[in-house]
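First comes the structure, then the notes that go with it.
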Amino acid sequence: MDLPRLLNPEQIAAVTFGDGPQLVLAGAGSGKTRVITHRIAWLIAERGVEPYRIAAVTFTNKAAGEMRERVDRLLGLPEGARSEVFVGTFHRFALRLLRRYGERVGVSPGFSILDTQDQLALMKRAIEDEDLDPSTVTPRAVLSAVSDAKNRLIGPGRFASEASGFFETRAARAFHRYQKLLRQANGVDFDDMIALAVQLLEQEEVLRQRMQRRLRYLLVDEFQDTNFAQLRLVELAIGAGGSLTAVGDEDQSIYRWRGAELDNILRFEDAFPGATVHKLERNYRSTQNILDASGALVSNNEQRRGKRLWTDHGPGERIALHYAGDEGDEARWIAARMRQLHDSYTWTEMAILVRTNAQTRALEDELLRQRIPYSLVAGVRFYERAEIKDLVAYLRVLRNPRDNLSLRRILNQPPRGIGKATAQALFEEAEAMGSALWDALRFARLRGVSQRGRSALLRFRELIEQLRTLAATQDLPTVLQEVIEATGYARLLSKDDADAQARLENVREFLSAAQEFNEDAGATDLPALVGSIGALEAPPRRDPDPGDDEEDGDDASPLGPEEDSDPLTMFLDYVSLVSDIDGLQTDAGVSVMTLHSAKGLEFPVVFVAGLEDGLLPHFNSQAPEELEEERRLLYVGMTRAERRLHLTSCSRRRIAGRYQDQEPSPFLPELPEAQLEITESAARMPRYDSRLTGVHSFFGDRTSAAPAPRPTPSSLGVAPASASRGRTSPLAPAPNPGVAVRPQMSVRHPTLGRGVVLAVEGDGDSAKITVFFDRSGKRRLLAKYAGLEPG
DNA sequence: TGTTCGCTTGTTTTT
DNA sequence: CAAGCGAACA
């Protein structure tokens, strides 16, 4: 391999690093995928490492797919051939282990994977079953606590023993019940996947040893996004004798809320003593202006190791910062600017990035109106649409009879005469029998169910049994087709209102996804969709003990990947693990997506919209660590741009249907003015004159200590006094009149009763108030909705 | 039993 | 503004 021709010296150092742990701090656009893929190829070609001894783990299927393709190309494999290097996501890695050895940690082979919606539904039931008040112990809050716990490998038992205070003690009960219901249904949630894989490797010594003996080189991408459990999984998989290459960038860590531990990268050497650290600071993506501006921004963060990116691309254009009126005006400006740039760039070379999915609506409207082709990442995610979830639920019930959650979902969908009363009787009977709903359906006597209800249940049972028989012999598309027909779903969607038509279209798309999946899976090598994990561990064995030790030499026996999973399970796993970004059509016009989904992507022309206080940083993320993460989020957005970067900010915006005055993001003053070119929309309504009220423009604030001349407000956008935000505009909603809430104050809430204010973050309508209520403990409220009164 | 209507409620990011 | 929920109606 002619590395000097392909890579810069820093990259070469990381690629040709010998054995032991290394951390590669790879700045945005510094070629980290290049480093990972070349290292894999180098290990194989130059060091003679067998491919199955190498694994690369990423966070998205898309990243994994690209990586795999590049590795295979570097290795000079013929078109379509795949090396035995494992390339896949953390979740797929864990899932693979669980599909094989899950029984050792309490899940049976056909287990179902719950998505967020399923989890919420299950948690609601858990809270109900525990007779907790869902308005104080909200399913969302408990779920978030449970997720945190699982990410830190804390189970219901330890959670309960460490719980203190009103909320936690109740959450502990809900957690316990939730987990019980989950396992009863033979289900696993997202966080369980990692946690159970860890448990499996910790507890099954022989399996762990075999894994460690086999796997010598592990490369982990986006290391800054790993959580505690994932770090543990990495340690267990690689063992003391293997070599870990962790690649990441602390400035691009944007998943704290999902448990990502920044310390995993900041304090890498603590977990892996003697680790070598390489820094990649040469950027191949952006202009120097973009690097300087984004670098200046992120240098305001405390939590970083620090690096300085450089490029030989030259300064390039300045960054356009535009102040718009409202979101419609913002969208028009962006669209107009895109039209101008379309002379030199194709639509697909442009992207609009936003903080929240809700922002895409106005943008979409305008792009539609102007007939600018675009593709939206996310929105309502395909596999979360009700009609798709219904069909998936049918498939799950076929595969996993104990899946009570899915069974409940489809029991009367489409409507088949199993009403509330009938369903309730069935649930109670199952409860009394202590068995799964499906078994109750088969054996229960169903007292007190009407004749109609009884026969409806019977028909449903026969339907499922018949489909299950079919599933045992027919291929996936055939089964799905039959599900659609036999269940009456086809009829349900054959109405000709627009809504039914759209849903039918989705169902068709789902069916064709199944067909495609089926064809790919039938080929000798793996479907690109799925990603291989086969080579990793010992071959599957039908005897229940993977532990007995006769496998000398099985190191060299690569496994037909996934061959021990049936196609239906593989398809369901695929459906559970695809993400929005995986389906991004880069050839379908302008891309519109959230900042989170944009990570890892790059575009010649980038717009980051909605740079307003409360949106970016989001009003829900105001704690110091959260604020730093919001800053990183903007940093990630800015560094997606290759040549032209635009930032926009509105003076008012519709939020939840009401116009709200907005202030420019506090991050804007952190950008060096030298790199900016600022414009303001005519539609931007002047509010009031800062000179009269003695309020600084936000740029002025930086230099407010000195009476230095500052840029004129009209060119920079005027920021009104924060204390009076939302009160001066006739368009603003009526604020809580006259109630200035401050800490220590005693207040009364219309439904939550009396409490004491603990903290106030922000101000005006978007202020977030933390109150400790006598009855329900600590709650965070939005001032706009709180309706608090002194008391 | 199934559908529709009006009410309340509450807002981030996603493997 | 929307989603979600319960109650009233067909």
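Predicted model only: the values in this text are computed from it and were never measured. Throughout, a chain's letter reflects where its sequence line sits, starting with A, and its residues are numbered from 1.
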>> A:Thr226 and side-chain contact (heavy atoms from CB on, under 4.5 Å): which single residue from A:Val220, A:Ile194, A:Ile265 fits?
In response: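 Among the candidates, only A:Val220 passes.
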> How are the rings of A:His596 and A:Tyr255 set to each other: parallel, tilted or perpendicular (split at 30° and 60°)?
Replying inline: tilted
> Taking the six-membered ring for Trp, are A:His618 and A:Trp257 ring centroids under 6.0 Å apart?
Replying inline: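 No: the rings miss the under 6.0 Å criterion.
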OP1 or OP2 of [N] sitting under 4.0 Å from any side-chain N/O of [X]?
{"X": "A:Arg632", "N": "B:dT13", "result": "no"}
{"X": "A:Thr116", "N": "B:dT14", "result": "no"}
{"X": "A:Asn620", "N": "B:dG10", "result": "no"}
{"X": "A:Ser597", "N": "B:dT13", "result": "no"}
{"X": "A:Ser621", "N": "B:dT13", "result": "no"}
{"X": "A:Asn151", "N": "B:dT15", "result": "no"}
{"X": "A:Lys420", "N": "B:dT3", "result": "no"}
{"X": "A:Asn61", "N": "B:dT15", "result": "no"}
{"X": "A:Arg658", "N": "C:dC1", "result": "no"}

Nearest whole Å is fine: how far is [N] [atom2] from [X] [atom1]?
{"X": "A:Arg454", "N": "B:dT1", "atom1": "CZ", "atom2": "C1'", "result": "18 Å"}
{"X": "A:Phe619", "N": "B:dG10", "atom1": "CZ", "atom2": "P", "result": "13 Å"}
{"X": "A:Lys599", "N": "B:dT15", "atom1": "NZ", "atom2": "C1'", "result": "11 Å"}
{"X": "A:Trp257", "N": "B:dT15", "atom1": "CH2", "atom2": "C1'", "result": "8 Å"}
{"X": "A:Gln622", "N": "B:dT12", "atom1": "CD", "atom2": "P", "result": "14 Å"}
{"X": "A:Arg654", "N": "C:dC1", "atom1": "CZ", "atom2": "P", "result": "4 Å"}
{"X": "A:Asp118", "N": "B:dT15", "atom1": "CG", "atom2": "C1'", "result": "15 Å"}

Report which part of the nucleic acid [X] touches: base, sugar-phosphate, or nothing (heavy-atom distance under 4.0 Å, all strands).
{"X": "A:Arg361", "value": "sugar-phosphate"}
{"X": "A:Arg416", "value": "sugar-phosphate"}
{"X": "A:Asp225", "value": "nothing"}

> DNA chain B: A:Phe90 or A:Ser450, which has the more 5' nearest nucleotide?
Replying inline: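 In this pair, the answer is A:Ser450.
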>> Heavy-atom nearest nucleotide on DNA chain B for A:Thr422 versus A:Arg258: which residue maps closer to 5'?
In response: A:Thr422
Decide yes or no for [X] and [Y]: does some side-chain heavy atom of the first lie under 4.5 Å from some side-chain heavy atom of the second?
{"X": "A:Val234", "Y": "A:Gln230", "answer": "no"}
{"X": "A:Asp115", "Y": "A:Lys389", "answer": "yes"}
{"X": "A:Arg640", "Y": "A:Val608", "answer": "no"}
{"X": "A:Asp221", "Y": "A:Phe59", "answer": "no"}

> Considering only the P atoms, how many Å lie between C:dG4 and B:dT13, rounded to the nearest integer?
Replying inline: 14 Å
Tell me which nucleotide among [options] gets nearest to the side chain of [X].
{"X": "A:His596", "options": "B:dT13, B:dT1, B:dG2", "result": "B:dT13"}
{"X": "A:Tyr255", "options": "B:dT14, B:dG2, B:dT15", "result": "B:dT14"}
{"X": "A:His618", "options": "B:dT14, B:dG2, B:dT12", "result": "B:dT12"}
{"X": "A:Phe190", "options": "B:dT3, B:dT14, B:dT15", "result": "B:dT15"}
{"X": "A:Pro415", "options": "B:dG2, B:dT1, B:dT12", "result": "B:dG2"}

>> So that I can compare with my own list, what are the stems of DNA chain B, taken as at least three consecutive Watson-Crick or G-U pairs with distances under 3.5 Å?
In response: B:1-10 with C:1-10
>> A:His91: which residues meet the ring pair (Phe, Tyr, Trp, His ring centres under 6.0 Å) condition with it, sequence neighbours left out?
In response: A:Phe190
>> Can you pull out every side chain to side chain donor-acceptor pair (under 3.5 Å) where at least one residue sits in residues 415-429 of chain A? Sequence neighbours excluded, please.
In response: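 Pairs touching residues 415-429 of chain A that pass the test: A:Tyr394-A:Arg416, A:Gln424-A:Glu428.
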